[in-house]
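Worksheet: the structure to be examined is printed underneath.
As the structure is a computational prediction, the values presented were derived from the model and not from experiment. Note on naming: letters A, B, ... go to the chains in the order of the sequence lines (proteins, then strands), and numbering restarts at 1 for each one.
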Amino acid sequence: MDLTLPIEAPFSLQSVLRSHGWVQLAPFSAETPYEAFTYTDQLAHGARVTFWTVQSVEEGVHVAVKGEVNTLEEAEIRAKLTRMLDLERDLAPFYTIAEQEPKLSYMAERARGRILRSATLFEDIVKTIMTTNTAWSGTIRMVQALVDLYGRSLAEDPTRHAFPTPAELAAPDVETLRRQAKLGYRAPYVSELARRVDSGELDLHALETSDLPTPLLRKQLLAIKGVGAYAAANLLMLIGRTDYIPIDSYALKVVSDEFHDGRPVKPADVEAAFERFGEWKGMAFWFWDYDGEE
DNA sequence: GGTAGACCTGGACGC
DNA sequence: GCGTCCAGGTCTACC
């Protein structure tokens with residue numbers, strides 16, 4: 001079936017897909033220049049696996065779904081795409097600030113600022129843990145392994161798999177996760193997270209929709225094993241809280257090159273570079289035109 | 001609250 | 001081929 005998700009301007013599907021590396025991770029699939037993407041998803045309603053092809057149209061985005069879906073399933077797909085394409089983020093206040101800064105002034109014109117997310121916060125947390133202390137190629141490999149090994153397959157094409165649910169990742173023991181998916185020391189982190197979410201002990205929907213102040217939300221994220229300062233800030237960015245900067249070795253490098261002539265910098269220097277943007281400093285860091293190509 | 005050391009894996013690099 | 005280093009960090013023990 002086909003459905004259209006109407007989206008008000010400014011919006012650019014390509015800008016969302018280019019917002020970070022998530023589109024390169026399974027079960028996403030896309031080719032540069034990222035004008036469309038596909039995604040394999042296991043629906044909560046009926047637990048059926050569906051395959052979507054999403055592309056930009058004049059009114060918003062068009063979604064082609066393999067097979068027929070009922071009304072509840074269609075509503076779920078619309079809700080998930082709204083999350084994935086970050087459609088509820090209000091960028092107007094940030095655009096007002098950004099147009100005063102030459103390194104950010106491109107944003108409104110190019111409809112940048114929306115950050116690609118997975119269908120669920122659970123998937124985003126697992127993927128974020130997979131980015132820590134590894135090369136990007138390692139992140140791609142580990143996420144692909146989790147999807148291929150534990151995600152339910154698409155009936156029409158068994159080579160395609162959805163991202164595993166918390167129950168599906170809680171099922172294998174830690175040693176199996178470590179050995180089969182080659183997660184290394186991250187295996188117990190993923191296992192514990194999956195078990196806590198599956199049992200209801202950790203309510204990620206409540207966390208995501210909470211109106212708690214950002215420092216308290218950050219504290220809840222830091223309580224998840226495997227989520228440290230960088231990962232928590234990254235996840236806060238994904239759920240629309242932009243007042244922390246995900247400081248990793250990449251951040252240290254780009255800030256060093258941009259503001260300190262390549263001299264070594266510390267996390268405090270990264271904070272200082274964007275402090276003037278207040279609650280938007282994570283956005284300013286994330287979308288700063290470091291290489292002058294925007 | 002701050003810091004040193006250990007931690008899985010796999011690719012890059014030097015020999 | 002083989003050994004070493006380290007990559008888009010985090011945890012634990014210790015001070």
*asked:* Among B/dG11, C/dC11, C/dG8, which nucleotide has an atom closest to any side-chain atom of A/Y230?
replied: C/dG8
*What class does the angle between the rings of A/F122 and A/F163 fall in, given that below 30° is parallel, 30 to 60° is tilted and above 60° is perpendicular?*
perpendicular
*Would you mind classifying the nucleic acid contact of A/G226 as base, sugar-phosphate or nothing, using non-hydrogen atoms under 4.0 angstrom?*
sugar-phosphate
_Spacing of the P atoms in C/dG8 and B/dG5 (rounded, Å)_ = 23 Å
*Looking at every strand, decide which applies to A/A231 at a 4.0 Å heavy-atom threshold: base, sugar-phosphate, or nothing.*
sugar-phosphate
*Nearest-angstrom distance, P atom, B/dC8 to C/dC2*: 24 Å
*Among C/dA7, C/dT12, C/dG9, which is the nearest nucleotide to the side chain of A/K225?*
C/dT12
*May I ask you to decide if the ring planes of A/F274 and A/F285 are parallel, tilted or perpendicular, using 30° and 60° as cut-offs?*
perpendicular
*Between the base of C/dG9 and the side chain of A/Y250, is there a donor-acceptor distance below 3.5 Å?*
no
*Choose from C/dT12, C/dG9, B/dT9 the nucleotide whose nearest atom is closest to any side-chain atom of A/K182.*
B/dT9
_Within the 4.0 Å heavy-atom criterion, would you say A/K253 contacts the bases, only the backbone, or no part of the nucleic acid?_
nothing
*Touch check for A/A187, heavy atoms < 4.0 angstrom, all strands: base, sugar-phosphate only, or nothing?*
nothing
*Give A/I224 one of three labels, base, sugar-phosphate or nothing, depending on what nucleic acid heavy atoms sit under 4.0 Å from its own.*
sugar-phosphate
_Exercise: do A/R160 and A/T40 side chains pair donor with acceptor under 3.5 Å_ = no
*Selected nucleotide, minimal atom distance to A/T132 side chain, candidates C/dA7, C/dT10, B/dC7*: C/dT10
*Answer with base, sugar-phosphate or nothing: what part of the nucleic acid does A/R186 contact at a heavy-atom distance below 4.0 Å?*
base
_Salt-bridge contact A/K103-A/E294 (side-chain N to carboxylate O under 4.0 Å)_ = no
